Amino acid sequence: MTSIDAPLAAPVIDVDPFSDDYILNPYPHHALLRDGGPVVRLKHWNVHATGRHEFVRAVLEDPETYCSGAGVGISNFKQEPPWRPPSMVLETDPPEHTRNRAVISRTLSPAALRSLRGRFETEANRLVESLVERGRIEAVKDLAEAFPLKVFADAVGVPETGRDYLIAYGNMVFNGMGPRNALYAKAMANAEEVSNWVWSACQRANLSPDGFGMQIYAAADTGILTDTECATLTRSFLSAGVDTTANAIGNALYCFAKNPEQWQALRKDPNLARAAFEEVMRYESPFQTFFRTTTKETVLGGITIPADEKIMLSLGAANRDPRQWSDPDSFNIGRSTLGHVGFGGGIHGCVGQMIARLELEMVLRALATRVSSIEIDGEPRHQPHNTLRGFETLPVRLLP
Ligand code: OVV
């Protein structure tokens with residue numbers, strides 16, 4: 001082609017989203033990703049990528065060109081068999097996706113969430129009160145993991161014994177979206193035992209009668225799905241619903257510990273809890289990256305992407321793209337967060353986002369009405385992870 005507007009191949013850049021350096025402090029790498037071009041190719045992995053808000057959104061909103069059925073990790077299911085039977089929502093395309101998502105979506109209706117509000121509130125208050133009494137806590141174990149392991153696992157209806165397996169399973173699922181590196185191997189070390197517990201928890205016989213899990217089985221009873229399909233759909237709650245919110249709670253505490261004036265603003269008006277959570281989602285998105293696969297050759301931002309190519313979407317980079325946000329690296333609960341992609345978007349946009357919001361609202365309200373100051377008290381350590389951003393340990397002091 002001779003036209004000056006002819007599409008170009010993506011510039012190749014030397015950013016490795018699975019390197020230790022990137023994982024522990026992604027923000028300078030995000031800038032390189034965004035500034036490398038609308039779409040780039042990552043030298044280390046030979047995949048396309050975008051960290052620009054405009055193009056992340058464009059990909060999310062065009063599922064016909066950018067499909068999920070070949071997996072949303074770096075591995076292409078058409079070339080490499082997936083490590084587990086694929087998710088029936090995350091890793092599918094219409095029309096299967098549409099049918100399956102509707103089954104999950106019904107369980108998470110506004111009415112269903114309203115009926116959980118009281119329980120979530122009581123549990124958040126009880127937990128936060130006991131932690132304030134202790135003063136110094138390890139926020140990851142004591143709060144960030146403890147809260148969803150209680151309220152979300154109860155809501156799904158899984159057995160009480162063995163719930164720690166859900167944390168291990170989340171680590172498998174989300175590290176499993178990355179390449180087969182050391183993080184992948186470490187997460188999968190105990191894969192069989194963990195997967196067995198999770199799969200058993202998803203069976204009809206082991207679910208409580210009133211939870212989301214049994215509501216999925218109601219679809220089997222009308223003949224839409226088989227029991228095995230219902231177990232696989234129930235597995236999606238357990239895959240996507242624990243580590244994500246756990247990391248969100250930890251990240252929220254860290255944001256407020258580092259920005260005490262923002263904490264005082266929330267204390268003054270706890271009704272800002274929901275807005276504050278959206279800013280946490282923008283500023284420190286727990287779910288940092290996922291992939292799509294092109295179904296045909298396409299052009300994005302003037303760059304040609306061949307068919308059957310993986311493209312990485314950096315939600316974290318898009319959520320701090322200065323082309324979209326003013327002062328993107330400042331944490332400000334008063335800003336408009338409209339358009340953040342922390343929950344993804346388009347037809348695959350997080351189906352559980354309203355329950356995530358409910359959990360975080362309750363935790364932030366319980367804290368804001370009881371804690372005058374959140375202070376880092378020790379050495380917080382980020383968890384090295386292929387996909388999630390959050391803490392391995394976060395020692396804090398909660399002052400009454
Ligand atoms: C959004 C998400 C993340 C991880 C797993 C799943 C979904 C699933 O459906 O299994």
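Just so it is clear, the model here is predicted, and its values are computed rather than measured. Read the numbers this way: they start at 1 and go in the same order the structure lists the ligands and their atoms.
H385 and N171 share a donor-acceptor pair across their side chains, judged by distance under 3.5 Å alone.
To the nearest 0.5 Å, atom CD1 of residue I303 and atom NE2 of residue H48 are 8.0 Å apart.
The only member of D154, N125, V363, V151 that meets side-chain contact (heavy atoms from CB on, under 4.5 Å) when paired with F120 is V151.
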Which pairs of N or O atoms, one from ligand 1 and one from the protein, are separated by less than 3.5 Å, and what is the distance for each pair?
{"from": "ligand 1", "atom 1": "9 (O)", "to": "S87", "atom 2": "OG", "distance (Å)": "2.6"}
{"from": "ligand 1", "atom 1": "9 (O)", "to": "S236", "atom 2": "OG", "distance (Å)": "2.6"}
{"from": "ligand 1", "atom 1": "10 (O)", "to": "R84", "atom 2": "NH2", "distance (Å)": "2.8"}
{"from": "ligand 1", "atom 1": "10 (O)", "to": "S239", "atom 2": "OG", "distance (Å)": "3.4"}

Give the intermediate values and the outcome of side-chain hydrogen bond (donor to acceptor under 3.5 Å, both in side chains) for residues R335 and Y283. CA-CA 11 Å; R335 76 158 73 232; Y283 187 77; over 6 Å; no

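Among all heavy-atom pairs drawn from Y22 and V15, the shortest one is CE1-CG1, 3.8 Å.
Remark: aromatic rings of H53 and W325 are close, center separation under 6.0 Å.
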